[in-house]
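Numbered from 1 within each chain, the chains take letters A, B, ... in sequence-line order. Small disclaimer: the values here were computed from a predicted structure and weren't measured.
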Amino acid sequence: MGLESILIQVEVDVATKGFPGFNIVGLPTKSVEESKERVKTAIINSGFEFPQKKITVNLAPGDIAKEGSFYDLPIAIGILLASGELEAVNPKSLYFGELSLDGNVRHTKGVLLVGLFAKKNKFEQVYVPIESSAEAAVVEDISVVPVRNLIELVDHLRGIKLIEPLNTIDINKLVVEVTADFDFAEISGQETAKRAVTIAAAGGHNILLSGPPGSGKTMLARALPSILPPLLPAEALEVTGIYSAVGMMAPGEAIVRTRPYRCPHHSTSLVGLVGGGSKPMPGEVSLAHLGVLFLDEMAEFPRSVMESIRQPMEDGKVTVSRAAGRLEFPASFMLVAAVNPCPCGYLGHPKKECKCGLHAIEKYKRRISGPILDRIDLHVHVPPVDPVKLGVDSEHGTSDSSAQIREVVTKARQRQAKRFAEDGIYTNSQMKNKLVKKYCELEGEGNRLLKMAVNKYDLSARGYFRILKVARTIADLNSREAITTGDIAEALQYRVRVF
Amino acid sequence: MGSLETGLFDKCLAIVGSRKMTSYGATLLEKFIPILVDAGVTIVSGYMYGVDRKAYDLTLECGGKTIAVLGWGIDWEILPKKPGALYISEYPGKTKPRLWMFPRRNRIVAGLSSGVWVVEAGEGSGSLITANLAVRYKRTLFATPGPITSRVSTGTNQLIQSGLAKMILSPQDILSAMGWHSKSPKLQDTGYSGNDPILKLLAVEPLIADEIASRLGLSSEELSKQLAVYQLKGLIEEIDGKYCTIS
């Protein structure tokens with residue numbers, strides 16, 4: 001359900017008396033009902049006997065609705081056991097997979113979650129489709145048996161021809177490839193904005209880029225993946241779990257290696273963005289878990305859609321309530337938002353004139369609510385680029401390349417990983433107030449500066465904690481454990497004010 | 001006992017008030033003390049629980065200097081060694097605190113300071129004794145107004161009404177009345193004591209941050225730090241991404 005794994009017991013009874021029939025009970029939905037046809041045809045086509053008796057399959061527990069096509073394999077094995085084709089099997093095994101009519105086992109979504117469940121509940125073996133098996137292979141302490149078809153599986157269980165279980169894949173050895181549309185070195189100037197984006201990447205902070213068209217804010221946002229650090233093994237497992245559950249893992253793929261980067265268009269529906277629906281599925285925010293959610297032209301998103309990301313921004317997850325219960329989807333993402341300063345985009349431009357009326361500007365600014373702005377840690381003004389300077393910059397000395405910046409960012413993330421080892425989070429931005437108090441202590445002058453800022457800019461309590469979190473990241477980027485006055489001063493420059 | 005630095009007695013402001021400080025009083029202290037400390041003011045107080053102790057704590061939190069005048073013996077209790085804190089007492093050794101010692105201690109508080117700020121005071125409050133001493137010693141007396149319904153503002157409101165105390169509404173009111181100005185902005189870790197280059201540049205024309213950085217050869221981080229401090233001091237302001245000096 002959602003991303004939680006529940007153990008389903010498949011019981012098969014073949015009665016000696018009674019009219020021949022084949023029934024599945026246990027609140028099966030349509031896709032599970034259809035299992036009957038697939039299982040029967042697959043068994044017959046594999047050359048095994050399908051008992052012409054009264055067959056009852058019970059999917060226990062009986063009060064949870066059963067969905068999905070992966071019950072095919074366990075049901076088939078159950079029938080083969082009940083009809084005598086198979087002798088006993090190891091009770092400490094899990095079976096999972098959809099069957100084709102010819103008896104092949106198809107690539108099925110969710111296999112990583114099966115592997116994780118097996119390890120947690122001390123199962124010894126998992127029998128999963130061969131094309132999905134790599135996903136489970138990253139889980140230690142379980143034996144992953146890749147199954148191509150029913151015949152192979154029966155031969156294995158009868159001991160005639162064993163299938164070689166997969167070797168455990170060491171996540172650390174998987175090479176990460178980083179691709180992005182742009183390299184930071186290609187973006188000329190914009191040092192302040194680049195610095196802000198670097199801080200955002202290092203601490204996983206939400207960032208708002210405001211500027212006229214052509215200022216390069218979209219370019220910066222699209223260059224961001226090039227400076228993001230690779231997923232830590234624990235993070236990779238979390239992200240893969242989600243992608244596996246929604247069926248976004250390609251056959252043969254073992255694990256998601258690059259940090260997610262999602263850019264939904266502003267016409268995306270609320271459910272598409274946040275998740276839900278009649279059969280609750282994760283939305284874009286969950287697909288961006290531990291990665292980046294880029295909302296270009298954020299002011300163009302309908303108000304209700306935008307407000308829906310407020311909760312996940314605060315909690316790091318989406319809670320979907322249904323009559324049957326509550327589901328949680330993880331959604332701890334880094335938000336990158338790009339906005340124009342006004343409807344025409346040229347407010348404050350040094351050369352072009354803004355054609356918007358005051359009323360229109362006010363109305364536009366109100367499109368992004370205070371509470372959303374309040375949850376964005378970094379606010380940066382991206383000024384337009386002077387075309388004349390484009391050539392000059394390359395003489396003045398090189399801008400840092402993405403690879404150089406990524407190195408610095410990765411080091412900062414490693415400091416955070418070490419710091420939060422016992423706390424269950426990965427980045428400074430995820431700190432709740434209690435942890436901020438623990439890790440962001442200030443001394444005299446820094447404290448004074450921050451208090452003065454709180455008074456002068458009328459900062460909310462949330463604002464106060466945000467500045468501390470950003471200052472913590474700045475100190476980490478400088479490889480310092482203590483937060484200096486300079487760090488606080490720099491953090492103050494990125495507080496809410498551009499929109 | 002504690003640290004005695006040169007210049008400690010240059011700008012002394014006594015902060016006194018009720019032992020029954022309210023959240024309003026605490027808020028006033030939170031708002032005023034950072035700015036007073038930033039201007040190099042030494043805070044003098046009586047170390048009594050309530051306003052005195054809050055002022056002492058906040059001053060040290062902000063990296064400032066404070067003199068705590070005790071109404072009991074200097075060795076009566078163990079005093080926390082904190083940088084910036086100086087404890088003095090008229091009474092030797094382990095002299096027990098007695099009621100009559102406090103008014104006497106108040107004359108030291110008033111005597112050491114050039115200005116006295118009464119934050120909150122009820123009608124019969126001991127802080128009013130310090131206030132009257134301040135007047136007698138010809139010190140500048142300040143008081144912050146409070147709600148008429150608040151018992152602990154009755155004293156302060158009356159001081160203002162009678163004309164004995166200057167009503168203040170912000171820390172700048174105290175600083176300008178005493179002729180104390182903020183010291184020039186300085187950040188220890190950048191090693192910059194001169195801030196003129198940036199201000200000079202902005203006095204000529206408003207510029208965006210990147211422009212300032214490239215003209216002065218500063219890194220983005222360096223510049224951001226300086227800009228934040230100048231903004232806090234009210235030296236520059238930012239409008240639509242451009243920074244300019246405030247005349």
Residue, of P171(B), P34(B), G84(B), that accumulates the most heavy atom pairs under 4.5 Å with chain A: P34(B)
Which heavy atom in [X] sits nearest to a heavy atom in [Y], and how many Å separate them?
{"X": "V37(B)", "Y": "R448(A)", "answer": "CG1-NE, 3.5 Å"}
{"X": "L232(B)", "Y": "A453(A)", "answer": "CD2-CA, 3.4 Å"}
{"X": "I35(B)", "Y": "M452(A)", "answer": "CG1-CG, 4.0 Å"}
{"X": "A228(B)", "Y": "A489(A)", "answer": "CB-O, 2.9 Å"}

With rounding to the nearest 0.5 Å, note down the distance linking [atom1] in [X] to [atom2] in [Y].
{"X": "T192(A)", "Y": "L223(B)", "atom1": "OG1", "atom2": "CG", "value": "7.0 Å"}
{"X": "E191(A)", "Y": "L218(B)", "atom1": "CD", "atom2": "CG", "value": "12.5 Å"}
{"X": "K225(B)", "Y": "I474(A)", "atom1": "NZ", "atom2": "CD1", "value": "8.5 Å"}
{"X": "R195(A)", "Y": "S224(B)", "atom1": "CZ", "atom2": "OG", "value": "8.0 Å"}

Side chains of Q493(A) and Q231(B): does their closest heavy-atom pair fall under 4.5 Å? yes
Residues E61(B), K451(A): salt bridge by 4.0 Å N-O rule: yes
Judged by atom type as modelled, is there a donor-acceptor pair below 3.5 Å linking the side chain of N447(A) to the main-chain atoms of C62(B)? no
Identify which part of I33(B) has an atom lying under 4.5 Å from any heavy atom of chain A, answering side chain, backbone, both or neither. neither
At a 4.5 Å cut-off on heavy atoms, which part of A209(B) comes close to chain A: side chain, backbone, both, or neither? both
